[in-house]
Amino acid sequence: MSQPDHVRIFDTTLRDGEQSPGATMTSSEKLEVAKTLSRLGVDIIEAGFAAASPDDLLAVRGIAEGVGITAVEGRPVAEPPRICSLARAAKGDIDKAWEAVSPAKHPRIHTFLATSPIHREHKLRMSKAEVLAKITEMVTYARGLCADIEFSPEDAGRTEMEFLYEAIQAAIEAGATTINIPDTVGYTTPDEFGNRIALIHQNVVGIERAIISVHCHNDLGLAVANSLAALQNGARQVEVAVNGIGERAGNASLEEVVMALKVRHDRFKLTTSVDSTQLTRISRLVSKVTGMSVQPNKAIVGANAFAHEAGIHQDGMLKNQETYEIMRPETVGASQSLLVLGKHSGRAAFANRLTELGYPLAATELHKAFERFKSLADKKKHITDADLLALVSDELYQPEELYRLDQLQVTCGTGMPTATVRLEIPGGELRTVSTVGTGPVDAVYMAIQQIVNIPVTLLEYSVQSVTRGIDALGEVNVRVRADDEPTDVDESRINPQSGGSRARVYHGHGAHTDVIVASAKAYLASLNRLLSVQQIRSAREAEVAPST
Ligand code: KIV
Ligand code: ZN
């Protein structure tokens with residue numbers, strides 16, 4: 001039985017978060033995120049939408065087997081998180097969700113059906129009575145498989161209250177244990193949404209048999225405020241995503257909800273099981289594997305969240321930190337301590353610092369990361385934790401290197417920017433191309449394109465420095481779209497809510513003290529990611545193709 005003041009944190013980074021354009025993660029990246037979420041202390045991990053594709057099912061199952069059990073990598077876990085899969089209100093989806101989550105100690109199926117007039121009439125073409133009957137049928141079916149069932153009346157924020165009560169009551173009577181109220185389109189305001197939750201409490205017969213959850217989208221920038229208003233009105237589960245990623249403008253951000261509850265405990269009087277000192281780490285990991293950078297002024301985890309620029313503020317901070325700081329950076333794991341190791345430090349000390357930062361590397365990864373640390377230490381006097389994390393994640397969260405950057409030379413200035421690029425191509429041969437571009441990055445990208453030869457459109461290119469100073473590491477993120485991939489029907493990426501589809505976007509990142517090298521690495525990583533996904537897809541198609 002949970003405490004009345006305990007809020008369950010339901011993380012949907014791997015499901016709704018992954019629906020952000022271009023945020024596609026590989027199965028191993030998803031597993032890494034799930035392990036980190038488990039260490040963070042979230043109560044429920046929505047690991048994906050198993051029916052979306054065979055890959056998605058395997059990814060959810062991998063998390064159920066690897067994180068949802070009582071020992072992870074040989075270390076006992078007292079209480080593993082619940083592992084959940086989304087499923088449309090259809091037997092096929094529910095079966096696949098169950099197949100994926102059943103290995104977990106605490107499996108959950110999350111099924112949903114839209115209830116608002118606009119969805120009923122235009123998307124489902126179902127009457128109210130048909131919607132209610134479907135909820136009863138599918139929740140009963142899911143409950144026959146799994147004891148822990150969450151039901152969401154999709155677009156609850158725009159559903160008539162009387163019909164919402166009926167839908168929720170039907171789900172509870174059929175066996176739902178959690179009722180999630182989604183503001184699917186981010187339309188409501190905090191007072192309105194809080195009031196909806198209070199009314200549900202007062203008017204739904206049997207509501208005490210279920211936990212009320214909320215799932216708010218950020219279309220008006222109100223997702224966190226709406227979630228907090230709901231908690232003040234009796235909701236005890238909140239659905240959030242790391243860095244606030246998710247469909248369109250995203251979901252309520254995990255770190256903002258958790259820290260609002262913690263810092264303003266005096267008002268909310270609610271607690272979570274999250275270890276807030278892990279928040280910066282999970283934010284960086286998610287940013288890295290999704291390729292979605294965190295805006296510098298983002299609350300809690302942005303690079304400037306604890307930076308004091310104005311003289312008056314700095315003066316105040318020196319006198320008493322509380323003048324301009326409502327929480328310490330250490331509370332969210334954002335300390336910027338200098339690495340006490342220099343270019344003469346040994347591998348053991350380096351490995352030790354990484355372990356302290358939460359990256360206990362295996363021998364091969366450690367070897368590669370140490371080589372890069374040494375070469376960085378030759379160029380940069382002070383290496384901060386931020387440098388170290390950029391460097392390690394650049395090593396770890398990269399797709400398979402089908403094409404590898406071997407050498408790069410650029411000449412630029414007011415004349416003709418020229419790049420000579422040498423890549424190791426699959427099979428080990430080295431290939432060199434020189435091109436002239438509008439600038440050095442353009443020239444490098446054209447040269448890489450001439451060797452790899454995959455038609456893509458560059459959608460986004462961004463460069464950031466990891467720390468301050470002229471010798472800082474530069475981090476580059478790019479997103480590309482494959483020009484020759486169909487964008488109409490792509491089953492593996494069907495958006496579970498709309499039933500529609502989307503173009504595939506692939507991201508890549510690179511870090512280096514030379515931003516042109518970082519740019520080349522990022523672009524190549526996006527192309528390698530695209531090629532790996534295409535290879536996996538063709539192999540799978542070959543497996544299922546009928547033999548002639
Ligand atoms: O936004 C939404 O309505 C959802 C549901 C599937 C919970 O993501
Ligand atoms: Zn959603």
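Counting convention: from 1, in listed order, for ligands and their atoms alike.
Glu162 has no carboxylate O lying under 4.0 Å from a charged side-chain N of Lys128, or vice versa, which leaves the two without a salt bridge. Ion pair Lys269/Asp5 not flagged as a salt bridge, since none of the NZ, NE, NH1 or NH2 atoms sits closer than 4.0 Å to an Asp/Glu carboxylate oxygen. Look at Lys105 and Glu79 and you find a salt bridge, because one of the NZ, NE, NH1 or NH2 atoms lies within 4.0 Å of a carboxylate O, short of that distance.
Residue Glu239 does not touch ligand 1, judged by heavy-atom distances below 4.0 Å. Heavy atoms of Arg15 found under 4.0 angstrom from ligand 1 belong exclusively to the side chain. Residue-level proximity to ligand 1 for Asp16 is carried by the side chain, the only part with a heavy atom below 4.0 angstrom.
A cation-pi arrangement, defined by a distance under 6.0 Å to the six-membered ring centre and an angle within 45 degrees of its axis, is present between Arg120 and Phe163.
Residue contact check: Pro182 has heavy atoms under 4.0 Å from atoms 2 (C), 3 (O) of ligand 1. Within ligand 1, counting atoms from 1 as listed, the ones closer than 4.0 Å to a heavy atom of Glu154 are 3 (O). Heavy-atom proximity to His217, at under 4.0 Å, picks out these atoms of ligand 1: 1 (O). Atoms of ligand 1 found under 4.0 Å from any heavy atom of Thr184 (numbered from 1 in listed order, with element): 1 (O), 2 (C), 3 (O).
Polar contact check, Ser152 against ligand 1: no nitrogen or oxygen pair lies under 3.5 Å apart. In terms of polar-atom proximity, defined here as any N/O pair under 3.5 Å, Asp155 makes no such contact with ligand 1. At a 3.5 angstrom cut-off on N or O pairs, Asn180 does not count as close to ligand 1.
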**OP:** Begin from the C-alpha positions of Lys288 and Glu475 and carry the test salt bridge (charged side-chain N to carboxylate O under 4.0 Å, His left out) through to its verdict.
**Re:** CA-CA 10 Å; Lys288 220 51 82 186; Glu475 238 184 339; 2.3 Å; yes
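The minimum distance between the Zn ion (ligand 2) and any N, O or S atom of His217 involves atom NE2. Closest N/O/S atom of Asp16 to the Zn ion (ligand 2): OD2.
Although no hydrogens or angles enter the test, the distance criterion places no donor-acceptor pair under 3.5 Å between the side chain of Ser152 and the main chain of Phe112.
Not a single heavy atom of Glu247 sits less than 4.0 Å from an atom of ligand 1.
Interatomic distance, CD1 of Ile212 versus CD of Gln237, reported as 11.0 Å (0.5 Å rounding). We find the OG1-CZ distance between Thr272 and Arg8 to be 13.5 Å, quoted to the nearest 0.5 Å.
Between the side chains of Asn477 and Ser462, no donor-acceptor pair is found at a separation under 3.5 Å.
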